[in-house]
Amino acid sequence: MKKRMLSILLAAVCVFALAACGGDGGSSDDAKGDGKDDAKKEERQVLVMATNAEFPPYEYYEGKEVVGIDVDICKAIADELGMELEIEDMAFDSIVAAVSSGKADFGAAGMTVDPDRAEQVNFTDTYAHSSQVVIVKKGSDIATPDDLEGKGIGVQLGTTGDSFADDIEGATVERYNKGFEAVQALSQDKIDAVIIDREPAKEFIKEAEDLVILDESYTEEDYAMIVAKDNDELLEKINGALKNLKDSGKLDEIIGKYINSEE
Ligand code: ARG
């Protein structure tokens, strides 16, 4: 009698274990449309996004939470794919390596499409246009980007602003971990100018009445996300979701929530 109970118990344990394992890979049970999908959220596959949350309005901290244009877009993409977005905040110059090594599934960080990066990772379709601008102190003798020769220029480490500054004749490039630190250094007269993307530049000088953005931008560029070279499946999924967001107007809606184009 005892023996029989034990085997029933064992059988029950086995069935339970099997069910638990089966749930892992199979998504077939999500398709039932029985309304239980929400309750199973924690079972949704996780999509890890590498970013650097020092870049308002694209990614920045609001309390302990990372928010911004890229975050909203990527949440919408993850939703379209039935996945759960997880954000990994890291140094900007670690993002390409994190994605190419598979530590993160993809990167979204106001990242400019750039041929050097394209050797290590694949870019998705572009989703935003931007420019590199020059911030100077009011009354500075730097009136256009051409006047940057021989000057002290602050940039965020590993950004396109960094490589542009590097190419300027006679310039001394100061590299900061955060774009905002470069702007602070400019306020404190430690450097003569900052080269950085337009929207963060606007955010960073909001409180600094002594700083201005030059009318003439340094370059025009486009933002895209990055995925590992061997992950065409995810590349196609993201591009498909991005297209839907563009077609439905949701992408413009997200950008419009953060950027006032009249400014
Ligand atoms: N667009 C520039 C680049 O791709 C700067 C991006 C910085 N992004 C950030 N999240 N800190 O290099």
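Each ligand, and each atom within it, is numbered from 1 in the order the structure gives.
At the top of the distance list for atom 5 (C) of ligand 1, counting protein heavy atoms only, stands Asp197 OD1, 3.3 Å. At the shortest separation from atom 6 (C) of ligand 1 among protein heavy atoms lies Gly110 O, 3.3 Å. From the protein, the heavy atom lying nearest to atom 8 (N) of ligand 1 is Ala109 O, 2.8 Å. Among all non-hydrogen protein atoms, the one lying nearest atom 10 (N) of ligand 1 is Asn52 O, 2.9 Å.
For the residue pair Gln132 / Thr160, a side-chain donor-acceptor distance below 3.5 Å is found, with atom types taken as modelled. The closest side-chain donor-acceptor pair between Tyr258 and Asp72 falls under 3.5 angstrom.
Aromatic pair Phe55/Tyr60: centroids not less than 6.0 angstrom apart.
Residue contacts with ligand 1: Tyr58 is excluded, as none of its non-hydrogen atoms falls under 4.0 Å. Look at Glu54 and you'll find every heavy atom at least 4.0 Å from all atoms of ligand 1.
Shown here is Lys243, whose NZ atom has no more than 12 heavy atoms of other residues, nucleotides or ligands within 6.0 Å.
Distances between N or O atoms of Glu59 and those of ligand 1 include at least one value under 3.5 Å. An N or O contact shorter than 3.5 Å is missing between Tyr223 and ligand 1 by distance. When only interatomic distances are considered, the shortest N/O to N/O separation between Gln156 and ligand 1 falls below 3.5 Å.
Here atom 7 (C) of ligand 1 lies nearest to Phe55 when heavy atoms of Phe55, Tyr60, Phe164 are compared. Nearest to atom 12 (O) of ligand 1 by heavy-atom distance, out of Arg117, Glu221, Met111, is Arg117.
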Quiz item: Where do Ser131 and Asp197 land on the side chain to side chain contact (heavy atoms under 4.5 Å, CB included) test, with the steps shown first?
Solution: CA-CA 6 Å; Ser131 31; Asp197 305 50; over 6 Å; no

Quiz prompt | Test side chain to side chain contact (heavy atoms under 4.5 Å, CB included) applied to Ile153 and Leu148, step by step | solution = CA-CA 8 Å; Ile153 304 172; Leu148 287 169; 4.1 Å; yes

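When non-hydrogen atoms are compared, ligand 1 lies under 4.0 Å from neither the backbone nor the side chain of Lys178.
To the nearest 0.5 angstrom, Glu181 atom CD is 9.0 Å from Gln156 atom CD.
The two residues Phe92 and Gly158 have their closest heavy-atom pair at CE2-O, 3.5 Å.
Note on Asp166 versus Arg175: salt bridge recorded, some NZ/NE/NH1/NH2 to OD/OE distance being below 4.0 Å.
Atoms of ligand 1 lying under 4.0 Å from any heavy atom of Thr160, numbered from 1 in the order shown and given with element: 2 (C), 3 (C), 12 (O).
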